[in-house]
Amino acid sequence: MTKQERGIRTRLALIRSAAQVFEQRGYAQTHLAEISSQAGVSTGALHFHFRNKAAVADAVEAEAVASLHHAARTAGQRPVNALQTLTDVSHAFAFLLRQDVVVRAGLQLACDTGRRPGLKVHQTWAECVRRLLVQAGDEGSLADDVSVHDLTAAVVGATTGFLSMRRESEEWLTHRSLTGFWRLLLPRVATPQVLASLSPEGTAPVATT
């Protein structure tokens, strides 16, 4: 393994370690020594990659945003309408939240009032939702009385809210729960012609657990 490869591996280990500690303790209560210890590296190695705790948090958010962008691009490659793409991307996002501590911590950090604003995972998600709903409107898939602004708020609020409720019960963030959400919402917002072609459970090969 080259020195560059070791450096990349160490940086990624520190980001994952930081995500785990941020998720457990929150930004304000996290100490750099905890992050380096959990990653199995020295504090000096941590400072080689990150200037301070804020820089570590920014890196966690950046990785989370990159994962969300990747999921959205992958879902967007399938030949379906924009409402189905949005449904598929939401399932992919929920899967990431269930499986990837970096994505969960990135979303948590975005809402943490104890740190300065950085990359915002929930803002990235909101922009993705709005873009797809605007596209759905252009396609003629939305009912005439549906406001893109209001629908964006509803989708973002519900989907990110599932993460908070997950702390009470894992059931909130399951594939079944999100499918139920879309089964309720799609008949209200889609035109009858488009609704018949939509799959609330998603069309992508996303794990259902």
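Throughout, residue positions are numbered sequentially from 1 according to the sequence presented.
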field: Flag side-chain contact, heavy atom, 4.5 Å: Leu195 against Pro187
entry: yes
message: For the CG atom of Asp150 and the CG atom of Leu133, what is their distance to the nearest 0.5 Å?
response: 11.0 Å
task: Would you check if Ser90 and Leu178 make a side-chain contact, meaning some heavy-atom pair closer than 4.5 Å?
output: yes
field: Qualifying side chain to side chain donor-acceptor pair (under 3.5 Å) pairs, either residue in residues 64-76, two or more places apart
entry: none
field: Non-hydrogen side-chain atoms of Val194 and Gln84 separated by less than 4.5 Å
entry: no
task: Could you tell me which non-hydrogen atom of Asn81 sits nearest to which non-hydrogen atom of Ser197, and how far apart they are?
output: ND2-OG, 3.6 Å
- prompt: Looking just at side-chain N and O atoms, do Trp125 and Thr159 make a donor-acceptor pair shorter than 3.5 Å?
  reply: yes
- prompt: Are the side chain of Ser37 and the backbone N or O of Glu34 linked by a donor-acceptor pair below 3.5 Å?
  reply: no
message: Test: side chain to side chain donor-acceptor pair (under 3.5 Å). Region: residues 8-24. Which pairs qualify, not counting sequence neighbours?
response: Arg16-Asp100, Gln20-Gln38, Glu23-Arg104
- request: Each residue besides Leu12 in its hydrophobic cluster should be listed here, by chain and number; the cluster joins Ile, Leu, Val, Met, Phe, Trp and Tyr at side-chain heavy-atom distances under 4.5 Å.
  value: Ile8
message: Could you check whether any side-chain N or O of Thr30 sits under 3.5 Å from a backbone N or O of Gly26, counting only pairs where one atom can act as donor and the other as acceptor?
response: yes
message: Can you confirm whether Val56 sits close enough to Leu32 that some side-chain heavy atom of one is under 4.5 Å from a side-chain heavy atom of the other?
response: yes
- request: Only counting residues at least two apart or in another chain, list the ones meeting side chain to side chain contact (heavy atoms under 4.5 Å, CB included) with Asp144.
  value: none
Pairwise side-chain contact, Leu86 with Trp182, heavy-atom cut-off 4.5 Å (strictly under): yes
field: Side chain proximity check, Val121 to Thr160, heavy atoms < 4.5 angstrom
entry: no
field: Evaluation steps, side-chain contact (heavy atoms from CB on, under 4.5 Å), between His122 and Leu68
entry: CA-CA 10 Å; His122 68 280; Leu68 180 53; over 6 Å; no
- prompt: Would a 4.5 Å heavy-atom cut-off, applied to side chains only, mark Val80 and Thr87 as touching?
  reply: no
statement: Sorted by chain and residue number, the salt bridge (charged side-chain N to carboxylate O under 4.0 Å, His left out) partners of Arg183 (sequence neighbours excluded) come out as none
- prompt: Does His175 offer a backbone N or O that forms a donor-acceptor pair with the side chain of Thr179 under 3.5 Å?
  reply: yes
- request: Applying salt bridge (charged side-chain N to carboxylate O under 4.0 Å, His left out), name anything that partners Arg131, two or more places apart in sequence or on another chain.
  value: none
message: Ignoring hydrogens, what is the shortest heavy-atom contact between Gln108 and Phe22? Give both atom names and the distance.
response: NE2-O, 2.8 Å
message: Restricting to non-hydrogen atoms, name the atom on Ala82 and the atom on Leu132 that form the minimum distance, rounded to 0.1 Å.
response: CB-O, 3.3 Å
Heavy-atom check, side chain of Asp58 versus side chain of Leu109, under 4.5 Å: no
